Q: 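Take this structure, written in structure tokens, and hold onto it; I'll ask about it next.
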2 protein chains.
Amino acid sequence: MAKLTTCIDLMDEGIDRVSQIIPTMPAVEARLCRLLLMVGEGIDQELAFKLKPYKLNHSEFLTLMILYSRPDGSSTPGELCEFATQGATNMTRIANALARRGLITRGASEADRRRVVIRITAAGRRFVKEMLPPMFPRIDTMFQSFSATDKRHLDRLLRKLAGNLDRLSEHSHP
Amino acid sequence: MAKLTTCIDLMDEGIDRVSQIIPTMPAVEARLCRLLLMVGEGIDQELAFKLKPYKLNHSEFLTLMILYSRPDGSSTPGELCEFATQGATNMTRIANALARRGLITRGASEADRRRVVIRITAAGRRFVKEMLPPMFPRIDTMFQSFSATDKRHLDRLLRKLAGNLDRLSEHSHP
DNA sequence: AGCGGATATTTCATCGGTGAAGTAAACATA
DNA sequence: TATGTTTACTTCACCGATGAAATATCCGCT
């Protein structure tokens with residue numbers, strides 16, 4: 001497995017060379033994009049590694065966590081799609097997978113019979129409560145040597161970036 | 001399409017509730033992880049959107065860019081796997097796709113006949129030079145209202161995080 | 001020279017995710 | 001109350017990515 005930092009070094013060289021050939025390129029910004037993508041992938045892999053023993057998928061985990069974090073522990077496929085940024089198709093599969101393991105139940109809505117009500121079960125809550133804590137040490141390690149100010153800055157900058165991305169996608173794929 | 005910022009708001013609420021139930025959770029750090037993942041996905045989608053008209057994949061684009069940025073414009077599947085953090089299997093497919101479009105060539109290595117030498121073609125170089133500039137305005141927009149200091153900070157913090165991730169994965173999936 | 005283990009790449013089976021079409025219920029309105 | 005439109009979810013067919021096994025070559029050792 002290639003180290004992230006060596007990939008970053010190579011990326012730096014690559015961007016330097018490309019921006020020599022194409023000087024109009026916004027090199028600093030492009031570099032930040034690539035950095036974000038690479039670090040994002042890194043966290044993804046780390047998360048996948050922690051989820052593997054529980055035979056959970058990233059999207060299954062996220063869906064389960066959304067349900068867990070809701071006051072009433074329930075939602076609908078459509079809502080979950082929104083919050084988890086997933087396609088409806090995929091949510092069907094995710095719900096199938098979680099229901100088969102008894103972590104959630106699927107029932108018909110009384111108010112609107114088109115709707116399906118998804119609810120986390122007691123077993124689902126127990127499962128989350130058991131699988132979450134083992135992740136904590138590794139999350140702490142990820143942010144080792146980050147000062148409180150560092151964390152505040154990172155938080156602020158990422159949110160600002162998110163706002164800009166929203167404005168971008170409004171214009172193009174609305 | 002759900003806005004990133006509303007997803008982030010919901011995530012904030014979710015983390016608050018979960019950390020009330022499980023107070024040992026490193027809430028600040030977990031939040032940063034989720035933020036990073038969400039912003040990463042956002043950039044991914046933005047990139048995919050820009051690549052679609054050129055019928056390119058994220059990994060195909062990255063591979064092509066690596067070749068473009070090398071002084072001699074050539075590499076091998078194994079090396080490209082490392083730099084692009086891709087499985088060898090997938091690199092075969094990527095090379096097939098790019099070769100079919102005449103953007104790269106595949107030849108046998110003289111020194112080591114197990115190796116395949118992949119080289120970007122003149123058409124490949126022209127293609128990159130043509131497709132890259134239209135992306136620049138959108139990259140600039142992504143970092144609108146980021147001061148030079150903001151960018152420096154973000155760069156520094158992401159690299160530090162990458163270093164920590166490397167140390168994590170060394171211990172576990174080495 | 002010849003054998004065993006390591007390395008480089010491809011093939012195959014499978015999984016997770018997506019777009020397009022299908023089904024069913026609700027709503028709006030005439 | 002009949003009809004057309006919208007909404008909610010599912011099914012189906014396909015694509016991109018991955019792990020395990022197959023193939024071919026190279027390298028070290030005797």
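Here the structure is a predicted model, which means the values were calculated and not measured. We name chains A, B, ... by the order of the sequence lines, and we start the count at 1 in each one.
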Q: What's the CD-P distance between E110(B) and dA8(C), to the nearest Å?
A: 18 Å
Q: Whole angstrom is fine here: how far is it from CG in L62(B) over to C1' in dG16(D)?
A: 15 Å
Q: If the threshold is 4.0 Å, N to carboxylate O, is there a salt bridge linking D16(A) and R31(A)?
A: yes
Q: Side-chain donor-acceptor contacts of residues 50-66 of chain B below 3.5 Å, not counting sequence neighbours, with atom names and distances?
A:
{"from": "H58(B)", "atom 1": "ND1", "to": "D44(B)", "atom 2": "OD1", "distance (Å)": "2.8"}
{"from": "E60(B)", "atom 1": "OE1", "to": "N57(B)", "atom 2": "N", "distance (Å)": "3.1"}
{"from": "T63(B)", "atom 1": "OG1", "to": "S59(B)", "atom 2": "O", "distance (Å)": "2.7"}

Q: How long is the line joining CD1 of I118(A) and P of dC9(D), in whole Å?
A: 8 Å
Q: Under 4.0 Å between a side-chain N/O of Q86(A) and OP1 or OP2 of dT18(C), yes or no?
A: yes
Q: Testing R159(B), H153(B), R152(B) for side chain to side chain donor-acceptor pair (under 3.5 Å) with D155(B), which one passes?
A: R159(B)
Q: Of D112(B) and D112(A), whose nearest nucleotide on DNA chain C comes first from the 5' end?
A: D112(B)
Q: I need the L157(B) CG to L158(A) CG distance, nearest 0.5 Å.
A: 9.0 Å
Q: Is any NZ, NE, NH1 or NH2 atom of the basic residue among R114(A) and D112(A) found under 4.0 Å from an Asp or Glu carboxylate oxygen of the other?
A: yes
Q: How long is the line joining CD of E82(A) and C1' of dT7(D), in whole Å?
A: 13 Å
Q: Phosphate oxygens OP1/OP2 of dC9(D): is one of them under 4.0 Å from a side-chain N or O of R114(A)?
A: no
Q: Taking only residues at least two apart or on different chains, which pairs with a member in residues 119-135 of chain A satisfy side chain to side chain donor-acceptor pair (under 3.5 Å)?
A: none
Q: Which residue lies toward the 5' end of DNA chain C, A88(B) or H58(A), if each is placed at its nearest nucleotide?
A: A88(B)
Q: Whole angstroms only, please: what is the CG-P distance between N96(A) and dC9(D)?
A: 13 Å
Q: Between L80(B) (CG) and dT10(C) (C1'), how many Å, whole number?
A: 16 Å
Q: Do R70(B) and E79(B) meet the salt-bridge criterion of a basic N to acidic O distance under 4.0 Å?
A: yes
Q: Name the residue closer to the 5' end of DNA chain D, choosing between T76(A) and K52(A) according to the nucleotide with the nearest heavy atom.
A: T76(A)
Q: Could you list, one pair per line, each protein nitrogen or oxygen that sits under 3.5 Å from a nitrogen or oxygen of nucleotides 12-16 of chain C, together with the distance?
A:
none

Q: Taking atom C1' of dT18(D) as reference, at what distance in whole Å does atom CD of E41(A) sit?
A: 14 Å
Q: Nearest-Å distance, CZ (F49(B)) to P (dG19(C))?
A: 14 Å
Q: Does dA24(D) have OP1 or OP2 under 4.0 Å away from a side-chain N or O of R113(B)?
A: no
